[in-house]
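All values reported here derive from a predicted model rather than from experimental measurement.
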Amino acid sequence: MRKKIRFGVFIVLLAAAIAVCRKAGDGLVEWIDSDRAVSAAVQRNENLVVVDPGHGGPDPGKVGVNGAEEKDINLKIALNIKSYLEKENIEVFMTRTSDERLSDTQVGDLKERVRLMNEKNPVLAVSIHQNSYQDESVRGAQVFYYTDSRDGEEAAGYIQKALSALDPESAKERKANNTYYLLKKTEVPVVIAECGFLSNYEEAEKLSEEAYQEEVAAAVSDGILEYIDSVVKDK
Ligand SMILES: [Zn+2]
C-alpha cells in the first residue's frame, strides 16, 4: 500500500514537471516567434542611414577647454561620415547640414530629431556628440545605445571597436542607457557616438583638427558599414 502511494506521488510530480516544461517551451517558442514577427513586420530602409550632428545654432553643446564648440565639431565629423558612406553607395539623411537648431527650443529640437529618425526609418541612426567631464584627465570615445535594443547594442559594438582603435589607451566600452530622450523615443536602431572629451585639452585639440575629424568619421563609418553587413547577412 505504501509503495502504491509513493508511486502515485511520483506520477503526480512527473505530470507536474512535464506540464511546467511544456509551458516554458511554449513560452520560449512564443518569445522567438514574436521577436521574428517584429523584425519581419518592420521593413527598414537598409540602404539609408540617418546621421545626426548634435546641437547647433544657439545651442553650442559642450564648450571645450580650448574654446572649441561641440556643435561645430559634430557637424564636421557628420559631414565626413556622409561622404564616406556615400562612397560606399549608402544613402545618408542629415538632420542638419548647417549651424542651426531644428526648433526654437532645446526640447523641440530633440523632438524634431526623433521625428525625422522615425519618419526616415533607416537601418541605423547615428547621433554625433562630444563629451565633457569635471576630471580633465578623462578622455576617449564612448558609444551609447538603448538598453533594450539588441540592434542598437550590436551597432554600438562595431562603432565602439572602430573608435577605440584610434586611441587604444583610453579605449572605453559601449554603454547601455535608458534615460537619454533620443535613445528612449527613437523607434529605429539608434546610437549616440560621443567621439571624445572636450574637457581634456589634448583630446579637444585633436578633435578640432580636420585630419582627426576625418579619422573619427572613417572609424564611425566603418562601424556603420559592419553593422549594415551583419543586418543584410542575418536575412
Ligand atoms: Zn552633445
Inset, instruction - Using the rule that two of Ile, Leu, Val, Met, Phe, Trp, Tyr join whenever any of their side-chain heavy atoms come within less than 4.5 Å, decide whether V92 and I159 are in one cluster. - result: yes
Would a distance-only check, ignoring hydrogens and angles, find a side-chain to backbone donor-acceptor pair under 3.5 Å from [X] to [Y]?
X	Y	value
R96	P53	yes
E203	G140	yes
T147	N177	yes

If the threshold is 4.0 Å, N to carboxylate O, is there a salt bridge linking [X] and [Y]?
X	Y	result
K206	E202	no
R113	D52	yes
D167	R139	yes

What I'd like to find out is whether the side chain of [X] reaches to under 4.5 Å of the side chain of [Y], using heavy atoms alone.
X	Y	result
V126	I224	yes
Q213	I77	yes
R44	P189	yes
I81	L85	yes
V143	E194	no
V50	L116	no

Atom [atom1] of [X] and atom [atom2] of [Y]: how far apart are they, to the nearest 0.5 Å?
X	Y	atom1	atom2	value
I228	Y158	CD1	OH	11.5 Å
E88	D222	CD	CG	8.5 Å
E169	S164	CD	OG	12.5 Å
S103	R101	OG	CZ	6.5 Å

Legend entry - Distance-minimising heavy-atom pair for V190 and M117: CG2-SD, 4.1 Å
Legend entry - Nearest non-hydrogen partners of K71 and G56, listed with the distance: CB-N, 3.6 Å
Side chains of [X] and [Y], donor plus acceptor under 3.5 Å:
X	Y	result
T186	N118	no
E154	S230	yes
E214	N80	no
S137	D135	yes

Legend entry - Selection residues 99-136 - residue pairs positive for ring pair (Phe, Tyr, Trp, His ring centres under 6.0 Å), sequence neighbours left out: H55-H129
Inset, instruction - Can you run down the ring pair (Phe, Tyr, Trp, His ring centres under 6.0 Å) pairs that involve residues 199-235, sequence neighbours left out, and say none if there aren't any? - result: none
Inset, instruction - Have a look at I128 and tell me which of T95, N74, I192, V216 forms a side chain to side chain contact (heavy atoms under 4.5 Å, CB included) with it. - result: N74
Inset, instruction - Check whether NZ of the Lys or CZ of the Arg K120 lies under 6.0 Å from the centre of the six-membered ring of F93 and within 45 degrees of that ring's axis. - result: yes
Legend entry - E119, CD atom: more than 12 neighbouring heavy atoms under 6.0 Å: yes
